[in-house]
Protein chains: 2
Amino acid sequence: MTDPAWLDEREQRAWRGFLAVNAAVRSRIARQLQQETGLSSADYAVLVSLSEAPGGRLRVFQLRVAADWEKTRLTHQITRMTSRGLVAREPCVDDPRGAFVVLTEAGWDAITGAAPLHVAHVRRWFFDALRPEQVEALLDLNDTVLGHLREADRTMGVPCPPCDVPSSCDDVLP
Amino acid sequence: MTDPAWLDEREQRAWRGFLAVNAAVRSRIARQLQQETGLSSADYAVLVSLSEAPGGRLRVFQLRVAADWEKTRLTHQITRMTSRGLVAREPCVDDPRGAFVVLTEAGWDAITGAAPLHVAHVRRWFFDALRPEQVEALLDLNDTVLGHLREADRTMGVPCPPCDVPSSCDDVLP
DNA sequence: TCGTCATGGGTGACGTGTCACCGACACAGT
DNA sequence: ACTGTGTCGGTGACACGTCACCCATGACGA
């Protein structure tokens with residue numbers, strides 16, 4: 001192991017590049033999507049998660065786990081999207097303190113219109129640059145780091161997600 | 001080439017993982033750094049860029065290029081950091097409409113205190129999980145994608161950075 | 001000399017994210 | 001009944017990021 005108090009030159013480059021690439025790709029895609037559809041990346045992520053759920057409906061905490069967001073962030077996001085007519089809140093009969101979020105007609109239109117554009121941007125700014133073995137390496141790196149984080153959460157007190165939810169997906173999709 | 005209107009299963013996993021890993025690692029590091037030092041990731045990035053410049057001084061547009069930030073974002077960030085005493089603005093004698101940003105005493109203290117903690121977090125949440133060949137693959141991926149983006153900028157109208165600056169580094173450093 | 005345009009930098013409004021805190025409900029032990 | 005404690009969800013204040021727009025300076029041609 002090298003000196004743990006600092007990063008060596010390779011690690012430095014790898015870390016800064018890791019941040020720079022992600023920020024650059026995301027900002028390009030977010031800006032274009034915003035201009036073309038009026039949707040932010042956060043809007044898009046919520047719409048995708050809901051559109052992948054049966055009936056376009058999800059409990060708030062399911063959406064929270066699916067997107068790996070903080071509770072309050074999601075509450076505010078839903079409030080704003082409700083005021084724009086993209087989603088709607090519905091009370092939950094089983095659990096009086098629970099609530100559903102449902103895709104509206106306008107929400108369906110928004111996500112079906114935005115998804116092809118978003119895919120095109122992801123291709124253009126990301127996958128068009130990558131060779132197949134680089135995609136493979138990325139998959140490996142993702143699994144490794146996410147597994148590492150989950151393992152750390154597990155050995156500390158963090159419990160498993162409270163409910164069965166498809167998969168973790170942050171920010172921009174698909 | 002596969003159907004350009006959609007992502008196949010591997011691409012989907014790679015892309016969502018790319019976003020999820022980055023968000024998870026960054027949020028963990030940002031939260032810990034905030035708790036321990038009161039510095040946000042944006043604060044830290046600015047402090048690092050300034051601390052790497054001779055005299056801890058940089059023209060505003062140099063800082064902007066170094067961090068690859070939007071102009072207004074940097075202006076607001078500097079204003080906030082100035083009000084907290086971490087940096088100071090100084091007029092530029094050469095260019096009457098220019099301005100310098102300078103690290104204050106408190107700014108030096110903040111960055112020298114925060115850097116070792118930050119490095120420890122980057123190790124813990126990121127490099128501790130990675131084998132050397134994964135770091136190598138990440139370096140390759142970074143260069144590939146950043147090169148792709150720069151190439152796209154070049155063939156379109158985007159000019160080169162207006163000034164010679166060390167290197168692009170977004171958000172959190174080192 | 002007078003427009004015109006590019007550059008360096010800033011301001012204000014507004015959307016977004018986070019923190020501290022609250023309310024309602026369920027369930028445990030006493 | 002009575003008080004924790006945990007879960008599900010929300011509110012308000014404040015920090016952060018972006019957009020549209022402004023001001024000042026300087027280069028350049030008519």
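Every chain is numbered from 1 and lettered A, B, ... according to where its sequence line falls, protein lines coming before strand lines.
- Between the side chain of R31(A) and the base of dT18(D), no donor-acceptor pair of N or O atoms lies under 3.5 Å.
- S40(A) and Q34(A) are not linked by any side-chain donor-acceptor pair at a separation below 3.5 angstrom, with hydrogens and angles left out of the test.
- At a cut-off of 3.5 angstrom, the base of dT16(C) holds no donor-acceptor pair with the side chain of R80(A).
- Relative to the side chain of F61(B), the nucleotides dG8(C), dG9(D), dT18(D) differ in distance, and dG8(C) lies closest.
- Distance from the side chain of T79(B) is smallest for dT11(C) among the nucleotides dG9(C), dT11(C), dC8(D).
- For T72(B), the side-chain atoms get nearest to dG10(C) when compared with the rest of dG10(D), dT25(D), dG10(C).
- Remark: the H76(A) side chain and the dT18(C) base include a donor-acceptor N/O pair separated by less than 3.5 Å.
- R89(B) and T79(B) are linked by a side-chain donor-acceptor pair at a separation below 3.5 angstrom, with hydrogens and angles left out of the test.
- Minimum atom distance to the side chain of R97(A) is reached by dC25(C), of the listed dC25(C), dG10(D), dG8(C).
- Using modelled atom types and a 3.5 Å distance limit, the side chains of H121(A) and E36(A) yield a donor-acceptor pair.
- Taking 4.0 Å as the cut-off between side-chain N and carboxylate O, D43(A) and R80(A) do not count as a salt-bridged pair.
- Out of dT25(D), dC19(C), dT16(C), the shortest distance to the side chain of P96(B) is found at dT25(D).
- When distances run from any side-chain atom of R89(A) to the nucleotides dG9(C), dG10(D), dT16(C), the shortest one goes to dG10(D).
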